[in-house]
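Structure record follows, encoded as structure tokens.
Everything quoted here is computed from the prediction, not taken from an experiment. Any value given below was found using the heavy atoms of this structure, including those in side chains, with hydrogens, waters and symmetry copies removed.
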Amino acid sequence: MTSRPPLPPFSLESAREKVQAAEDAWNTRDPERVALAYTEDSVWRNRSEFVTGRQEIVAFLTRKWERELDYALRKELWSFHENRIAVRFQYECHDSSGQWWRSYGNELWEFTSEGLMSRREVSINDLAIEESERRIRGPRPANEHGQLFPLR
């Protein structure tokens, strides 16, 4: 099995690195690339949708990014313990009608000893925003890694 460093048990530094790697991958909007961070049988709960396995993850992410246009994400480490990490996140995108959205949420992650995510549970709330209210524009610059972001 392929390993995906950093590996658990996580330290503060390695947990932050894992969160930033996830943010960077998701900002590519490449479902195949993102799915490689998960086990073949990874289990997700994303909003009210349940997804199992890499093939379903790729299908889910493909659908997601077909409707969430110009998607840009920020993740922040919330907590960690051994092989688990909790994050909070915000992302912005617009739909096909041009309506912009800011989505807020929390994720719980569980990893194998090889550093692949075997479980992901996500809760998300959406807020309609004007384009002028956007504050996330593309991937985070390297000099902003690890910085906190405002809730509102």
Requested in this report: Compare all side-chain heavy atoms of L36 with those of R54 and state whether any distance is below 4.5 angstrom.
Outcome: yes

Query - Residue that, paired with N46, satisfies side chain to side chain donor-acceptor pair (under 3.5 Å) out of K64, R120, E107 - result: R120

Query - E49 CD: over 12 foreign heavy atoms closer than 6.0 Å - result: yes

Query raised in the report: Closest approach of P139 and N27, non-hydrogen atoms and distance?
Result: CA-ND2, 3.9 Å

Query raised in the report: Which atom names give the shortest non-hydrogen contact between T62 and P31, and what distance separates them?
Result: OG1-CG, 3.5 Å

Query raised in the report: Which pair of non-hydrogen atoms, one from L61 and one from V34, has the smallest distance, and what is that distance?
Result: CD1-CG1, 3.5 Å

Query raised in the report: Quick one: does R88's side chain have a donor or acceptor within less than 3.5 Å of a partner on K75's backbone?
Result: no

Query raised in the report: Atom CG in L69, atom CH2 in W100: separation rounded to 0.5 Å?
Result: 8.5 Å

Query raised in the report: What are the two closest heavy atoms between Y71 and C93, and how far apart are they?
Result: CA-CB, 3.9 Å

Query raised in the report: Are Y38 and L108 in one and the same hydrophobic cluster, where Ile, Leu, Val, Met, Phe, Trp and Tyr link if side-chain heavy atoms are under 4.5 Å apart?
Result: no

Query raised in the report: Relative to the ring of F111, is the ring of W109 parallel (under 30°), tilted (30 to 60°) or perpendicular (over 60°)?
Result: perpendicular

Query - E133 to R102 - nearest heavy-atom pair and separation - result: O-NH2, 2.7 Å

Query raised in the report: Is a salt bridge present between R47 and D126, judged by a nitrogen-to-oxygen distance below 4.0 Å?
Result: yes

Query raised in the report: Within a reach of under 6.0 Å around CD of E144, are more than 12 heavy atoms found that belong to other residues, nucleotides or ligands?
Result: yes

Query raised in the report: Is there side-chain contact between Q20 and R16, with heavy atoms separated by less than 4.5 Å?
Result: no

Query raised in the report: Is there a donor-acceptor contact under 3.5 Å from the side chain of E110 to the main chain of R119?
Result: no

Query raised in the report: Is the number of heavy atoms from other residues, nucleotides or ligands under 6.0 Å of H81 NE2 greater than 12?
Result: no

Query raised in the report: Got F80 and V19 here, is their nearest side-chain heavy-atom distance under 4.5 Å?
Result: no

**Report entry** Distance (rounded to the nearest 0.5 Å) between W44 CH2 and I57 CD1
**Finding:** 5.0 Å

**Report entry** Close side-chain approach of R4 to K18, heavy-atom, < 4.5 Å
**Finding:** yes

**Report entry** Heavy-atom closest pair, residues S113 and P8
**Finding:** O-CD, 4.1 Å

Report task. Say whether T112 and E114, considering side chains only, have a donor N or O and an acceptor N or O under 3.5 Å apart. Result -> yes

Query raised in the report: Between R84 and S79, is there a donor-acceptor pair closer than 3.5 Å when you use the side chain of the first and the backbone of the second?
Result: no

Requested in this report: Determine yes or no for a side-chain-to-main-chain donor-acceptor pair under 3.5 angstrom, with S118 supplying the side chain and T39 the backbone.
Outcome: no

Query raised in the report: For T52, does its backbone N or O pair with a side-chain atom of E56 as donor and acceptor, under 3.5 Å?
Result: yes

Query raised in the report: Looking at the rings of W26 and W65, which for Trp means the six-membered one, are their centres under 6.0 Å apart?
Result: yes

Query raised in the report: Is a salt bridge present between E76 and R74, judged by a nitrogen-to-oxygen distance below 4.0 Å?
Result: no

